[in-house]
Amino acid sequence: MGFNDMKKNSGINSSLLEELNKISNGKTKDSYKDDRFWKPERDKADNGFAVIRFLPAVDGEDVPFVRVFNHGFKGPGGWMIENCPTTVGLPCPVCEANGELWNSGVESDKDIARNRKRKLQYISNILVVSDPKNPDNEGKVFLYKFGKKIFDKIQEKMQPEFQDEEAVNPFDFWNGANFKLKIRKVGGFVNYDKSEFDSPSPLMDGDDAELETLWKKQYPLQQFIAPDQFKSYDDLKKRLNTVLGGGSDFAKTAEDVDGFSNQTSSKTSTSESSTSVEAPEGSGGGSEDAEDALSYFEKLAAED
């Protein structure tokens, strides 16, 4: 808005009143939400269905997805919601502390390490083809976070196990395939096993003009693994000490993990690394559950 426009609209305007009402009504608690990201909505039975199309890499980038590790847990000193620098091959004080706990051989230490393990996420551009719960999303480009279970289905499509199966690049405009996202709750866990790719087909009937327009609407992905997305080792260490109440003994703070974190811990796998504790994977306690957990942590942190 230029200076003359500001002068013409001087006084109390509707936009200002709307923002004040948001604050007074506590609606800014959802300010952590990034509207660029799409997330499938589930019904009361925790079932969900949508059709999406994974999109190719944007101009200037070679790969149509990025992989990011995060930490999300609460201690007596607050929340630890941080990107893990192991994403870009740098050391992480949380992972190192988790490795020490895991290698102690004490089961209670392992429980703490499981609660604080890094969560794996992939980020890609998608086109929402069908979204029965939110039809307004259809035909729009979004960013989509997903876990290892869905990534495995992508990999299986690109590198099929059997000779009678055709290799398909799901990210291709012309020879890719729509992905039917089918979400269920199985044994208390979010389950994506029934999700599947449709037969290969050109997007938008292969109309190059429309595809180029769509391509230009996509979001760069390298921004999510840029240096400014990761705190320094020293800053993470300082934050970790604050979250754990200033104590130096990482293993003595089991009591600081409560509520949802403990619930998550009871469902995780016992397969761990000696140097870093991985996110839970597989259909039980899968990384989609880790994504739900991280979103939950972020929401609680925003509400505190």
Side-chain angles (χ1 to χ4, degrees), residues 37-43 45-58 61-70 87 118-133 137-138 141-203 218-219 221 224-225 267-269 271 278-295:
F37 283 88
W38 174 83
K39 188 171 184 178
E41 186 176 334
R42 306 199 292 263
D43 60 23
D46 268 326
N47 296 322
F49 176 79
V51 180
I52 62 175
R53 181 77 170 235
F54 291 100
L55 300 177
V58 301
E61 297 183 359
D62 297 325
V63 180
F65 62 85
V66 291
R67 186 181 70 163
V68 183
F69 288 105
N70 315 88
T87 299
R118 61 185 191 174
K119 285 86 176 173
L120 173 62
Q121 297 177 330
Y122 295 88
I123 302 175
S124 177
N125 280 284
I126 63 163
L127 175 71
V128 176
V129 178
S130 175
D131 187 350
K133 284 285 187 180
N137 291 331
E138 295 176 1
V141 173
F142 290 94
L143 292 166
Y144 179 45
K145 290 181 183 178
F146 55 98
K148 185 177 183 298
K149 192 70 176 181
I150 291 178
F151 185 79
D152 284 346
K153 289 184 177 291
I154 292 173
Q155 196 166 29
E156 289 167 6
K157 197 67 176 175
M158 297 184 72
Q159 298 175 316
E161 185 177 357
F162 300 101
Q163 292 181 347
D164 64 339
E165 296 175 341
E166 179 184 2
V168 174
N169 177 5
F171 299 96
D172 191 89
F173 274 150
W174 299 273
N175 301 301
N178 291 346
F179 185 66
K180 293 184 285 188
L181 190 64
K182 301 177 181 180
I183 310 170
R184 300 177 297 153
K185 206 66 176 286
V186 179
F189 298 104
V190 179
N191 185 286
Y192 292 80
D193 286 347
K194 288 187 174 293
S195 299
E196 59 184 346
F197 282 99
D198 210 338
S199 300
S201 63
L203 192 59
Q218 295 179 210
Y219 302 98
L221 299 178
F224 297 107
I225 55 174
K267 299 176 180 178
T268 52
S269 166
S271 176
E278 297 290 343
E281 296 175 356
S283 58
S287 48
E288 276 72 24
D289 278 319
E291 157 63 14
D292 286 347
L294 189 62
S295 296

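- Taking the six-membered ring for Trp and the full ring otherwise, Phe224 and Phe37 have centroids separated by under 6.0 Å.
- Under the 3.5 Å distance criterion, the side-chain polar atoms of Arg53 are matched with a main-chain donor or acceptor of Asp172.
- Between Ser130 and the options Val51, Ile52, Asn178, Leu181, a side-chain contact (heavy atoms from CB on, under 4.5 Å) holds for only Val51.
- Between Phe179 and Phe54, the angle of the ring planes lies from 30° to 60°, which puts this pair in the tilted group.
- Looking at heavy atoms from C-beta onward, Lys133 lies in side-chain contact with Asp43 at the 4.5 angstrom threshold.
- Judged by distance alone, the side chain of Ser124 and the main-chain N or O of Tyr144 form no donor-acceptor pair under 3.5 Å.
- Listed for the Asn125 side chain is a donor-acceptor partner under 3.5 Å among the backbone atoms of Tyr219.
- When all heavy atoms of Asn175 and Val168 are compared, the pair lying nearest together is O-CG1, 3.4 Å.
- Listed for the Gln159 side chain is no donor-acceptor partner under 3.5 Å among the backbone atoms of Ala167.
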| Audit row: Ser195, Arg184, side-chain contact (heavy atoms from CB on, under 4.5 Å) steps and yes/no | CA-CA 10 Å; Ser195 299; Arg184 300 177 297 153; over 6 Å; no
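- Residues Glu196 and Lys182 are paired through a salt bridge, judged by an N-O separation under 4.0 Å between the basic side chain and the carboxylate.
- In summary, the side chains of Asp131 and Asn137 do present a donor paired with an acceptor at a separation below 3.5 Å, with no hydrogens or angles considered.
- Taking 4.5 Å as the limit, every side-chain heavy atom of Pro202 sits out of range of all side-chain heavy atoms of Phe173.
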